[in-house]
Amino acid sequence: MASKIQPVKGTREFYPEQMFLRNFIYEKVRAASQAFGYQEWDAPFIEPIDLYAAKSGEELVKKQSFTFQDRGGDYVTLRPELTPSLARMIAAKQNELTQPVRWWSFGPFWRYEQPQKGRSREFFQWNIDMLGVNSPEADAELIAIAATFLRSVGLNPQLATIFVNNRRLMDSEFDALDIVPEKRLEVSSLVDRRSKMEPANWSEYALELGLTKKQVNGLKDMLGNFELWKKSDELTRLFTAVEALGVKEYVKFDPNIMRGLLYYTGTVFEAFETSGSLKRAILGGGRYDNLLADVGGQPLPGVGFAMGDVVMGIILQENGLLPDFVPTPAAALVTIFDESMWKKSFELAAQLRNVGLNVMVYPEPVKLQKQFKFADKMKIKIALTVGPDEAANDQVAVKNLVNGEQVTVKREAVVESIRKILARV
RNA sequence: GAGCCUGUAGCUCAACGGCAGAGCGCUACACUGUGGCUGUAGAUGUUGCGGGUUCGAAACCCGUCAGGCUCCCCA
């Protein structure tokens with residue numbers, strides 16, 4: 001055997017089965033995005049490294065992205081995220097674009113990370129954003145889109161929940177606890193980490209950060225207070241809008257949701273599977289009102305979220321929500337009776353394709369048994385045979401492979417016969 | 001970047017340091033104009049790769065590659 005060259009670590013090969021799932025997710029993503037009128041767009045897959053260096057930390061760009069020199073000596077990066085490209089493209093045509101901008105995208109991304117369950121180095125991600133509007137109602141729309149998607153793939157509110165919080169609310173709570181601004185970053189990551197740590201260890205860690213006992217206790221009270229949203233006008237309005245949009249049952253307030261990103265300014269949200277084995281977020285996003293100004297554009301508020309295909313695929317599989325795999329788009333298989341009938345079979349297939357039917361012809365005049373077995377494995381619903389008997393009378397044998405019934409019809413009547421079977425199964 | 005676990009037929013997995021196996025799948029035939037179900041027969045392999053220990057290694061040791069879990073990170 002020749003030596004095997006393996007695929008690059010962390011990449012996935014998409015055999016037809018996997019491609020079917022990827023397309024299933026893509027179709028549902030597109031349907032949810034389009035249901036709210038969003039436009040599909042995309043950015044380059046390769047970007048200058050500087051695009052990310054401005055916003056992301058240097059370590060992230062250097063250690064967790066696929067970066068290399070092109071033949072001209074410039075440093076380029078396989079895009080690890082879409083938002084910087086979005087910000088650039090919006091900024092370039094800021095006065096030209098009809099606002100609000102509502103855009104969605106589904107494409108490949110690369111991150112040089114340790115592959116694990118739910119995480120690969122090459123993955124597909126859904127990004128969807130609204131720019132030009134700063135309101136809790138706009139935030140609610142994005143959350144409703146996420147909920148619409150979850151519902152469309154069969155993840156009901158018992159299986160998946162979108163947890164919502166607000167950065168401004170948290171900031172005012174931190175103020176009330178006299179947590180100084182310099183500590184906010186550390187405290188944010190402390191909050192982020194709470195679900196992953198034992199309560200005792202967490203408290204200890206909090207004290208190590210230099211918080212007083214009073215502050216730690218105040219923090220604990222705050223993070224356990226699921227009525228805290230009532231203090232926030234933004235969240236109150238958001239929940240009202242979410243209810244009106246018909247997705248209330250998917251959305252819960254949770255003061256523990258922080259999001260690692262620095263650029264979020266208001267609403268933040270993350271969806272999790274409620275009972276699954278994965279601790280990873282299904283999707284996450286929030287409001288980023290300073291981002292465009294940060295990359296040199298005119299200030300423009302925005303809200304959006306991203307969802308990866310890897311976690312989604314695992315969750316669908318674990319919940320038995322994978323769609324039934326359809327191996328081929330062919331509605332019918334035309335068999336080849338023997339060498340003398342080859343021409344007749346090709347002509348029949350061409351005739352059927354002319355009226356828009358997807359038709360596959362068996363490529364060799366082998367035993368009919370083998371050809372039918374192939375049709376069965378490919379889950380093709382109809383088999384068409386032109387043997388000497390049929391050819392003599394200008395007829396075709398049409399077999400319904402789902403129920404086993406076979407009829408012999410005139411060649412002109414084949415299309416009707418096929419359509420009848422397809423309408424029934 | 002760090003720690004732990006795993007790698008055997010296409011797939012899921014067995015095999016005390018002593019003949020490399022089972023189930024499923026695959027191929028052929030039963031069935032010379034028809035699939036699924038059944039029966040019979042058959043083919044599976046550098047035990048991830050490279051080295052070492054041993055009379056003898058799938059097993060033990062070292063390295064390496066790949067996967068999984070955790071830490072880190074999660075744009």
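Naming convention: chains lettered A, B, ... in sequence-line order (proteins, then strands); numbering from 1 in each chain.
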How far, in whole Å, is B:A20 from B:G25 if one measures between their P atoms?
-> 27 Å
Counting only distance, no hydrogens or angles, is the base of B:G35 paired donor-acceptor with the side chain of A:D376 under 3.5 Å?
-> yes
Does A:Q406 make a side-chain donor-acceptor contact with the base of B:U34, cut-off 3.5 Å?
-> yes
Side-chain donor/acceptor of A:T265 to backbone N/O of A:D289, under 3.5 Å = yes
Looking at B:G35, B:A2, B:G33, which one has an atom nearest to any side-chain atom of A:F372?
-> B:G35
Pick the C1' atom in B:C60 and in B:C24, then give their distance to the nearest Å.
-> 33 Å
P-based separation of B:G7 from B:U40 [nearest Å] = 34 Å
Can you tell me if A:D74 uses its side chain to pair, donor with acceptor, with the backbone of A:D70 under 3.5 Å?
-> no
Looking across every strand, which nucleic acid part, if any, lies under 4.0 Å from A:G10 by heavy atom: base, sugar-phosphate, or nothing?
-> sugar-phosphate
Determine the Euclidean distance between corresponding C1' atoms of B:A15 and B:U47; express it in Å to zero decimal places.
-> 11 Å
Does any nucleotide pair with B:U44 by Watson-Crick or G-U wobble geometry, both distances under 3.5 Å, and what is it?
-> none
So, does A:R102 use its side chain to make a donor-acceptor pair with the main chain of A:F36 at under 3.5 Å?
-> no
For the side chain of A:W202 and the backbone of A:L190, is there at least one donor-acceptor N/O pair under 3.5 Å apart?
-> yes
B:C60: pairing nucleotide in any strand, Watson-Crick or G-U under 3.5 angstrom = B:G52
Report all interatomic pairs (protein N or O, nucleotide N or O of nucleotides 40-44 of chain B) with separations under 3.5 Å.
none

How is A:Q371 classified with respect to the nucleic acid when contacts are heavy atoms under 4.0 Å: base, sugar-phosphate, or nothing?
-> nothing
Whom does B:G23 pair with, Watson-Crick or G-U wobble, provided both distances fall under 3.5 Å?
-> B:C11
How is A:F374 classified with respect to the nucleic acid when contacts are heavy atoms under 4.0 Å: base, sugar-phosphate, or nothing?
-> nothing
Could you check whether A:G284 gets within reach of a base, just the sugar-phosphate, or nothing at all, counting any heavy atom under 4.0 Å?
-> nothing
Atom C1', compared across B:U70 and B:G52: separation rounded to whole Å | 32 Å
With a 4.0 Å cut-off on heavy atoms, is A:K373 in touch with a base, just the backbone sugar-phosphate, or nothing at all?
-> sugar-phosphate
How is A:Q125 classified with respect to the nucleic acid when contacts are heavy atoms under 4.0 Å: base, sugar-phosphate, or nothing?
-> nothing
Is any N or O donor-acceptor pair between the side chain of A:E113 and the base of B:G1 shorter than 3.5 Å?
-> no
If B:A66 has a Watson-Crick or G-U wobble mate with both distances under 3.5 Å, name it; if not, just say none.
-> B:U6
Atom P, compared across B:G10 and B:A57: separation rounded to whole Å | 24 Å
For B:U27, does OP1 or OP2 lie under 4.0 Å from any side-chain N or O of A:K367?
-> no
Would you mind classifying the nucleic acid contact of A:V398 as base, sugar-phosphate or nothing, using non-hydrogen atoms under 4.0 angstrom?
-> nothing
Between the base of B:G36 and the side chain of A:K377, is there a donor-acceptor distance below 3.5 Å?
-> no
Nearest-angstrom distance from the residue atom CD of A:Q116 to P of B:G67 | 12 Å
Under 4.5 Å between any side-chain heavy atoms of A:I418 and A:L384, yes or no?
-> yes
Write down the distance separating the P atoms in B:G18 and B:G56, rounded off to the nearest Å.
-> 14 Å
Atom P, compared across B:G1 and B:A43: separation rounded to whole Å | 48 Å
Using Watson-Crick geometry (N1-N3 plus N6-O4 or O6-N4) or G-U wobble (N1-O2, O6-N3), each under 3.5 Å, B:G1 is paired with B:C71
